[in-house]
Structure formats: C-alpha cells, structure tokens
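Ligands are counted one by one from 1 in listed order, and the atoms in each one are counted from 1 as well. Below, all heavy atoms of this structure are taken into account, side chains as well, without hydrogens, waters or symmetry copies. Every value quoted in this text rests on a predicted model; they were computed, and no experiment measured them.
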Amino acid sequence: MITFNKPYLTGKETDYIKDAVSNLKISGDGVYTKKCHDFFEKKYDFKKVLLTTSCTDALEMAAILLDIKEGDEVIAPSYTFVSTVNAFVLRGAKIVFIDSSVENPTMDVEAIEALITPKTKVIVPVHYAGIACEMDKIMQLANKYNLFVVEDAAQAIDSYYKNKPLGSIGHLSAFSFHETKNIVSGEGGMLVINDDRFLQRAEIIREKGTNRSAFFRGEVDKYGWVDIGSSFLPSDIIAAFLYAQLENLEDIQEKRKKIWKVYQEGLQGLERSGKIKLPFIPEYATNNAHMFYILCNSLDERTQLVQHLRENDVYAVFHYLSLHKSPYYTSKHDGRKLMNADRYADTLLRLPFYYELSNEQLSYIISVISSFYEKR
Ligand SMILES: *Cc1c(COP(=O)(O)O)cnc(C)c1O
C-alpha cells in the first residue's frame with residue numbers, strides 16, 4: 001500500500017528532544033524555540049516570528065491582533081481549510097468568500113475589488129500548494145482601501161513571490177508544521193509579524209494576555225494582565241523536534257522537488273492529450289513541492305480514479321469541499337456562485353507525496369493513473 005503521506009524524520013528529532021528535556025526548561029520560549037525563531041528571521045527576512053501550537057492558533061492570534069469585531073468583513077477563498085476563516089468567525093467576522101482563479105486554486109484577484117465594502121477589514125490570501133497568490137495586486141488593493149493582509153502560508157514554507165519569501169509580504173502571516181506539511185513538528189505553527197504595530201501586542205496575546213515576555217527580558221519589573229490573549233506558545237519539546245527539521249530544510253526541499261518533477265514528467269503526456277490537467281505555476285511564483293495534484297474532468301471521473309488507485313494499493317485523496325457550501329456557512333453565504341472553487345472541490349486529486357517515496361513507487365503510481373486513462 002502506498003499511503004498518501006508519511007512524515008519524514010531526519011534522525012535528530014529525538015536527540016534534540018532529549019536535550020531539551022535535560023535542560024529542564026520545557027515550557028515555551030526555551031533554547032530551541034529561540035533557535036527556530038532565529039532561523040526563520042535570518043533565512044526569510046521575516047521581521048519577527050513566534051512559534052505557535054498550530055497554524056490555526058497563529059490565525060486566531062492574527063484575528064485578535066487586528067481587533068476583528070462583530071460585523072467586520074473578511075475576504076477569503078472558499079476553497080481552503082476551515083481554519084483560514086474560522087479564526088475570524090470566532091471574533092464575529094462575516095466571511096465574504098471569493099472564488100479561486102481559473103488556472104489554479106489561489107484566489108481570483110480580479111474579483112477582490114468588487115467585494116470590498118466599508119466593513120471590509122482583511123484579505124486572507126491562501127498560497128495553495130505553496131504556489132503564491134498574485135500578491136502585488138492584493139497589497140495594492142489593501143493600500144488603496146486601508147485593509148490588512150494576513151497570508152495563510154500554511155503550505156508555503158520556502159516558497160517565493162517575485163523573489164520575496166511567502167509570509168514576508170502581508171502584515172501578518174501564518175505557517176503550519178502539521179505532519180502533512182513539508183517541515184513538521186507533529187502539530188505546530190508560526191505567526192510572522194511584518195508590521196511594527198503588532199510586535200509588542202503579539203507577544204502579549206501569545207502569553208495569555210500578560211506581559212510576561214517583556215518581564216523575562218527584564219524590561220518591566222513585574223508582569224500582569226494587560227490585554228486579552230490565550231496560551232498559543234508551544235512547549236520547547238515541540239521546538240526541539242522542529243529545529244531538527246529546519247537543519248535539514250534544504251535536503252528535504254531538494255528531495256521533494258525531485259519527486260514533484262518525476263510526477264510532472266510522468267504525467268505530462270496525459271495532459272497533452274487532454275485527459276487531465278497538471279498544476280499551473282504562474283511566472284511570479286516558485287514551486288516549494290508541497291503537493292502534487294491533478295485535475296480530473298468531473299467528480300464522477302475522479303471518484304472512479306480514486307477507486308482504481310485503491311484497487312491498485314495507491315492512496316490518493318481529494319481536498320477541500322467549498323466552505324461557502326459547508327453545513328456551517330451555507331445559510332450565511334450571500335448566494336454568489338463560486339464556480340472555480342466548486343470545480344476544484346469536485347476534480348482536484350492529490351497524489352501520494354512524501355520524502356521517502358521511491359522512484360519505483362512513483363513510476364508505479366504514474367503507470368496506474370495512465371492505465372486508468374488508456375481506455376478513456
Ligand atoms: C494545514 C493548513 C492549515 C492549518 O494548519 P494547522 O497547523 O493544522 O492548524 C490552515 N490553512 C491551510 C491552507 C492549511 O493547509
């Protein structure tokens with residue numbers, strides 16, 4: 001059986017965890033958390049980063065930082081993970097769902113301006129599959145209408161938009177280290193703060209609404225309750241795991257890009273003959289090899305292909321169901337049709353993707369897909 005995902009261990013994770021434990025400083029913001037923060041700030045030009053227990057938590061922190069209130073409007077894609085928008089809904093926001101573009105599941109930037117109202121506060125671009133949204137256009141609109149941009153960069157580690165690292169462009173950005181992402185810590189995430197206005201308050205929100213971080217740096221002589229907040233910081237044990245992964249980021253990325261290329265080369269014949277579509281990567285975007293997906297022609301065809309792959313011991317999975325049609329939000333949605341989001345929900349299929357996938361396994365998966373389309 002070829003599974004869909006298999007977390008890759010570099011071998012150092014448990015050594016660093018043992019070390020963190022022996023330091024006897026295993027709550028948040030220990031030695032390994034600082035190492036991870038330094039790594040990201042140096043490598044990607046992020047103004048400041050804070051590890052969190054998940055990307056979901058980082059997004060919730062962003063919604064608190066932006067003072068999202070009842071009635072505020074947030075523009076976000078429908079074709080995304082629930083946390084992208086749930087973080088804002090928790091604070092009372094109304095989600096104005098935007099369609100995906102024709103070429104790939106990132107948001108259709110041409111549709112943004114018409115959705116902006118005096119209540120709009122935030123745009124949340126999601127870099128689906130690690131492929132950048134058209135950030136210049138999004139930032140221009142944000143400037144014009146005085147809006148904030150929160151990048152959902154959960155899948156976008158080590159990916160770029162016009163040479164700028166994803167996560168460094170919006171006012172705030174959120175990353176995930178969930179075991180299904182390129183770099184993992186089991187559960188885990190990170191908030192990136194690129195706007196000075198949020199630096200101080202982000203620390204406070206992450207520390208239960210207290211100024212404990214400033215206290216530990218000796219900047220205040222006692223700490224207390226100064227704002228709202230929650231416990232968003234991960235244990236240093238998690239950071240120790242993550243640091244072992246970060247030390248191997250380049251190797252992991254190189255391997256994943258090779259796997260991606262094998263899929264692309266192996267399946268491009270099917271694309272040329274019009275049987276399937278392969279991922280579209282705009283010129284302004286890089287590919288961080290987060291996932292490899294194909295687009296089938298219909299839901300029915302995809303269902304049969306999934307079945308065919310399973311019968312041949314390959315586990316491929318579809319992805320999101322459009323959030324504007326979800327049981328929770330359908331009655332709150334304004335009724336606009338989002339054709340591309342629905343099309344990706346029906347036709348996108350993710351193929352097995354992980355570091356240890358061998359060339360033989362890849363050839364096998366490609367041959368199983370080819371055999372399915374031979375008779376079509
Ligand atoms: C994985 C993912 C999340 C959630 O990440 P967690 O770390 O599991 O909270 C959010 N948004 C997108 C687009 C994701 O892919």
Chemist: Taking atom types as modelled and ignoring hydrogens, do the side chains of Glu73 and Thr117 form a donor-acceptor contact shorter than 3.5 angstrom?
Modeler: yes
Chemist: Applying the ring pair (Phe, Tyr, Trp, His ring centres under 6.0 Å) test to His319, which of Tyr344, Tyr128, Tyr293 qualifies?
Modeler: Tyr128
Chemist: I'd like to check which ligand 1 atoms, numbered from 1 as shown, lie under 4.0 Å from a non-hydrogen atom of Gly188.
Modeler: 7 (O)
Chemist: Please state which protein non-hydrogen atom is closest to atom 3 (C) of ligand 1 and give its distance, to 0.1 Å?
Modeler: Phe81 CD2, 3.5 Å
Chemist: Is Thr80 in polar range of ligand 1, meaning some N or O pair under 3.5 Å apart?
Modeler: no
Chemist: Out of all atoms in ligand 1, which are within 4.0 Å of some heavy atom of Ser54? Include the element for each.
Modeler: 7 (O), 9 (O)
Chemist: Judged on heavy-atom distance to atom 1 (C) of ligand 1, which of His290, Lys181, His178 sits nearest?
Modeler: Lys181
Chemist: Among protein heavy atoms, which lies nearest atom 9 (O) of ligand 1, and at what distance?
Modeler: Thr56 OG1, 2.5 Å
Chemist: Would you say the side-chain atoms of Gln268 and Tyr263 include a donor-acceptor pair closer than 3.5 Å?
Modeler: no
Chemist: Below a 4.0 angstrom heavy-atom separation, can you tell me which part of Val126, side chain or backbone, both or neither, approaches ligand 1?
Modeler: side chain
Chemist: Do any nitrogen or oxygen atoms of Ser176 come within less than 3.5 Å of a nitrogen or oxygen of ligand 1?
Modeler: yes
Chemist: Indicate whether the side chain of Asp251 and that of Tyr355 have a donor and an acceptor atom separated by less than 3.5 Å.
Modeler: yes
Chemist: Specify the protein heavy atom at minimum distance from atom 15 (O) of ligand 1: its residue, its atom name, and the distance to 0.1 Å.
Modeler: Gln155 NE2, 2.8 Å
Chemist: Near Tyr320, which atoms of ligand 1 are under 4.0 Å from a heavy atom of that residue?
Modeler: 13 (C), 15 (O)
Chemist: Report the nearest protein non-hydrogen atom to atom 11 (N) of ligand 1: residue, atom name, distance rounded to 0.1 Å.
Modeler: Asp152 OD2, 2.8 Å
Chemist: Side chains of Met139 and Ile169: closer than 4.5 Å at any heavy-atom pair?
Modeler: yes
Chemist: Verify whether one side chain among Asp136 and Tyr161 offers a donor that lies under 3.5 Å from an acceptor in the other.
Modeler: yes
Chemist: Could you tell me whether the side chains of Tyr32 and Asp19 share a donor-acceptor contact shorter than 3.5 Å?
Modeler: yes
Chemist: Could you check whether Gln307 and Glu311, counting side-chain N and O atoms only, form a donor-acceptor pair closer than 3.5 Å?
Modeler: yes
Chemist: Which atoms of ligand 1 have any heavy atom of Cys55 under 4.0 Å away?
Modeler: 4 (C), 5 (O), 6 (P), 7 (O), 9 (O), 10 (C)
Chemist: Where is the nearest protein heavy atom to atom 12 (C) of ligand 1: which residue, which atom, and how far?
Modeler: Ala154 CB, 3.3 Å
Chemist: Classify the angle between the aromatic ring planes of Phe97 and His333 as parallel (below 30°), tilted (30 to 60°) or perpendicular (above 60°).
Modeler: tilted
